Amino acid sequence: MAGIKMATPAAKPEEYKNVFVFLETREDKLVRPALEMIGVGKRIADKVGEKLYCLLLGGNIKDEAKEAVSYGCDIVLGAESPDLSVYRTLPYSKIISDFVKEEKPNIFLIPATRNGRDLASRIAVSCEAGVTADCTELDIEQDTRILSANRPTYGESMLAEILCKKHRPQMATARAGIFPVPDRVKSPKGEIRINSVKVDKSLLKKEVLEFKKKNAVDLTAAKVVVSGGMGLGKADGFKLIEELASEIGGVVGSTRPAADMGWISRDHQVGQTGQTVRPRLYVAAGISGKIQHIMGMKNSETIIAINTDPNAEIIKYSDYVINADLYEAIPALVNSIREEKKKLAPAAGK
Amino acid sequence: MVLEIIVMVKQVPDSQEVVIDPVTMNLNRSLTRNVTNSADENALEAALRIKDKVGANVTVISMGPPQAETTMIECLARGADRAILASDRFFGGADTYPTGLTIAATISKIGKFDIIFAGEESSDSSTGHVGPGVAEFLNIDQITYASSVDYEDGYVTADRELEGGTETVRVPTPVLVTVLLNSNSPRMQTLRRKIDAVKKGMEVWDHDKIGLQPEWVGVRGSPTIVRKMRPIKERERAAKKIDVAGLGDLARELYEKKILKLEEE
Ligand SMILES: Cc1cc2nc3c(=O)[nH]c(=O)nc-3n(C[C@H](O)[C@H](O)[C@H](O)COP(=O)(O)OP(=O)(O)OC[C@H]3O[C@@H](n4cnc5c(N)ncnc54)[C@H](O)[C@@H]3O)c2cc1C
């Protein structure tokens, strides 16, 4: 069978050390999930006294390498070439696999974004590693240095803990929006190793013809999200949602059917097939609380539901429940908040 | 030479009616109906549209137990030309690595291929890792998360839906393409084709036929193992009832507890 590598020999775990994370970029800028990987990677590396290596590829990455160090990265392994300024599967997977084979990391984390998943499994096959997809909890066992990779399964009802005992590195892709972005470190002292590389022509046959940016609303970074669902009954209902959102410094979210109706653009959608958010406050107005929506917002610190149905599923996920028509409750809430702000404002101005 | 297209499909438990056994914490397979993974139907449709346009041989392949036959026949009835099920007791319990290996080995056993299609992910495992794994084993390029796919003169052009926008790429064949769920409307099976499909039937290939050693595949060839399953415990929330008259108190509480802040960063 030409070209196919067969059996996967087990590795010698003791030869593998340190934690790798892949820093995804868009136009040579780190994307938020890259920072999330630094956070979780650092926590795991620190727990076993190892180093965090950040892999950064691109056309011009010097500034972002410094960024990575400022967030706590110990060593940036960079590859720079004009041919790497946009992500392409083959050059990225080749260069990264070479880094892995050379440095032998014990653990390698990649964001479970679309390009992250495009990449992860190729590296796993090329390096004969085990990979667990879309993890929402990651930890390391101190004595064995085995990665505990946990991923939701069966429609998010169960969490499966997956281990990779004999193969190295232990790879995982980590769901975006789950792991916190770390604080910047006080006196960063990471080392930056960037090489200019020449990419083999045979790896560059894919042409990226165009990238049409969505004027994406980034809900994942929002501190306050106010979402509307089918209970709004009409597109106009989102005006009310916007009013409340702007009163409390929030951004607008939606359920999938509300976006399907064209009441609001798709980039506001929260849930399994939308964005995963974890704001300080999430307001769910006219939202029933089906699992696909819950998945995207259940880690919010505080949740307020506004729903006419006293038995709606959303209620058991809520800290506060306003069992009322949203067309009555939201204007009243906006008023109460204005009143409260008036009371607090003089105090805040002192 | 006629274009050779392979479509990777999987039979999955119907996600609408998944039943978990409370003792083993695993899927109760006897109570769960099996269906064709939806995104794979979109992958097959993408292949059939290329067949309609320029002519092609479309072969569907799957790794799975014998009951996946219903899925294979369904694919033939929609318009595929050949169906091969890689099925063997040694294949059971595979993680994404030996699954990719088994499918890649099956494809290379078939011989020539120009385009391999797969769904973006399966609804039961949701890894999206098998397609790219197959491409790596076969050492070919890939296009993942495609919302539209076109073929012309040895090149596949596709739109990829990414978090920040849509990327258009063009790749010479051979290439593996994973297709987004709901990115097209799969054609119906006709009665005529259904009868032909049943008559034609599927081929079943075991490890020996494919040329794989038992220890390379299935649970033995899997680098990862499931240590345990546990129900996801949601944080208990108070669900404190507030009526419209009490919204003033709620507003005060939100600021007092710093759930809302006057100056949002
Ligand atoms: C594969 C797949 C992926 C999916 N992905 C997502 C996803 O990412 N995000 C997502 O949100 N959904 C997703 N869904 C859809 C999901 O299953 C639900 O259909 C959806 O979340 C329900 O939206 P809703 O709550 O807006 O509507 P409904 O379920 O119709 O609920 C409307 C709610 O509004 C309440 N209501 C009605 N009138 C009023 C009023 N005047 N005042 C107050 N309350 C009122 C009702 O009591 C009801 O609870 C997905 C589904 C599938 C199959």
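Here is how names work: the chains are called A, B, and so on, in the same order as the sequence lines, proteins then strands, and each is numbered from 1. Nothing here was measured: the structure is a model prediction, and the numbers come from that model.
- Between chain A and the residues B:Thr144, B:Thr178, B:Ile225, B:Leu181, the most heavy-atom pairs under 4.5 angstrom are made by B:Ile225.
- With a threshold of 4.5 angstrom between heavy atoms, A:Asn150 approaches chain B through side-chain atoms but not through N, CA, C or O.
- Both the backbone and the side chain of A:Ala332 come within less than 4.5 Å of a heavy atom of chain B.
- Atoms NE2 and OG1, from B:His129 and A:Thr132 in turn, are 9.0 Å apart once rounded to the nearest 0.5 Å.
- Side-chain N or O atoms of A:Ser121 include none that pairs as donor or acceptor with a backbone N or O of B:Val130 at under 3.5 Å.
- Proximity to chain A (any heavy atom under 4.5 Å) is shown, for B:Asp141, by both the backbone and the side chain.
- When every heavy atom of B:Ile140 is checked against every heavy atom of A:Arg122, the shortest pair comes out as O-NH1, 2.8 Å.
- Looking at A:Thr153, the atoms closer than 4.5 Å to chain B (heavy atoms on both sides) all sit in the side chain, from C-beta outward.
- Contacts of A:Ala160 with chain B are made by both backbone and side-chain atoms, with heavy-atom separations under 4.5 Å.
- Two residues are said to be in side-chain contact when any heavy atoms from C-beta on lie closer than 4.5 Å; B:Ile232 and A:Pro152 meet this criterion.
- If you measure heavy-atom distances from A:Val131 to chain B, the contacts under 4.5 Å come from both the backbone and the side chain.
- Between chain A and the options B:Val134, B:Val171, B:Val169, B:Val175, the largest number of non-hydrogen pairs under 4.5 Å is found for B:Val169.
- The shortest heavy-atom contact between A:Asp319 and B:Arg237 is OD2-NH1, 2.7 Å.
- For a residue to count as touching a neighbouring chain, one of its non-hydrogen atoms must lie under 4.5 Å from one of that chain's; by this rule A:Arg88 does not touch chain B.
- Going from atom CG of A:Leu159 over to atom CE of B:Met229 covers 9.0 Å, rounded to the nearest 0.5 Å.
- Taking CZ of B:Arg170 as the reference point, atom NZ of A:Lys206 lies at 14.0 Å (rounded to 0.5 Å).
- For the options B:Pro172, B:Pro132, B:Gly246, heavy-atom pairs under 4.5 Å to chain A are most numerous at B:Pro132.
- Proximity to chain B (any heavy atom under 4.5 Å) is shown, for A:Gln272, by neither the backbone nor the side chain.
- Closest approach of B:Leu162 to A:Phe211, counting heavy atoms only: CD1-CE1, 4.1 Å.
- Comparing B:Leu250, B:Val226, B:Ile242 by how many heavy-atom pairs each has under 4.5 Å with chain A, the most go to B:Ile242.
- When every heavy atom of A:Ala129 is checked against every heavy atom of B:Pro223, the shortest pair comes out as O-CG, 4.0 Å.
- The backbone N or O of A:Asn299 sits nowhere less than 3.5 Å from a side-chain atom of B:Arg235 that would complete a donor-acceptor pair.
- Only the backbone of A:Lys316 comes within less than 4.5 Å of a heavy atom of chain B; no side-chain atom from C-beta onward does.
- Only the side chain of A:Arg26 comes within contact range of chain B, with at least one heavy atom under 4.5 Å from a heavy atom of that chain.
- Proximity to chain B is limited to the side chain of A:Thr89, based on heavy atoms less than 4.5 angstrom apart.
- Neither the backbone nor the side chain of A:Ser148 comes within contact range of chain B; no heavy atom of the residue lies under 4.5 Å from a heavy atom of that chain.
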*asked:* Evaluate B:Tyr255 against A:Ile337 for side chain to side chain contact (heavy atoms under 4.5 Å, CB included), listing each step before the verdict.
replied: CA-CA 9 Å; B:Tyr255 283 100; A:Ile337 284 169; 3.6 Å; yes
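- The nearest pair of heavy atoms linking B:Ala239 to A:Ile315 is CB-O, 3.6 Å.
- Comparing B:Lys241, B:Glu161, B:Glu120, B:Glu236 by heavy-atom pairs within less than 4.5 Å of chain A, the highest count is held by B:Glu161.
- Between B:Glu121 and A:Arg117 there is a salt bridge, with a side-chain nitrogen of the basic residue lying less than 4.0 Å from a carboxylate oxygen of the acidic one.
- Within the 4.5 Å cutoff, side-chain heavy atoms of A:Asp118 are placed close to those of B:Arg160.
- Contacts of A:Ile123 with chain B are absent, with no heavy-atom separation under 4.5 Å from either backbone or side chain.
- Looking at residues two or more places apart in sequence or on another chain, you find a side chain to side chain contact (heavy atoms under 4.5 Å, CB included) between B:Lys258 and B:Lys261.
- In this structure, chain A has no heavy atom under 4.5 Å from any part of B:Gln213.
- Between B:Glu253 and A:Tyr320, the side chains place a donor N or O and an acceptor N or O closer than 3.5 Å (distance only, hydrogens not considered).
- Not a single donor-acceptor pair under 3.5 Å links the side chain of A:Glu301 to the backbone N or O of B:Ile259.
- A:Glu339 does not touch chain B: none of its heavy atoms, backbone or side chain, sits under 4.5 Å away.
- Looking only at side-chain heavy atoms (C-beta outward), A:Glu328 and B:Val244 come within less than 4.5 Å of each other.
- Taken to the nearest 0.5 Å, the CG atom of A:Asn335 stands 10.0 Å off from the CG atom of B:Leu247.
- Of the residues considered (A:Asn323, A:Ile303, A:Ile294), A:Ile303 shows the highest number of contacts with chain B, using heavy-atom pairs under 4.5 Å.
- A:Val125 approaches B:Gly133 most closely through the heavy-atom pair CG2-CA, 3.9 Å.
- Residue contact with chain A, scored on non-hydrogen atoms closer than 4.5 Å, is absent for B:Leu176.
- Interface remark: A:Glu161 contributes backbone and side-chain atoms alike to the contact with chain B (heavy atom separation under 4.5 Å).
- No more than 12 heavy-atom neighbours from other residues, nucleotides or ligands sit within 6.0 angstrom of NZ on A:Lys205.
- Using a 4.5 Å cut-off between heavy atoms, B:Thr96 contacts chain A through its side chain alone, with no backbone atom that close.
- Taking 4.5 Å as the limit, some side-chain heavy atom of A:Ile304 sits within range of a side-chain heavy atom of B:Leu254.
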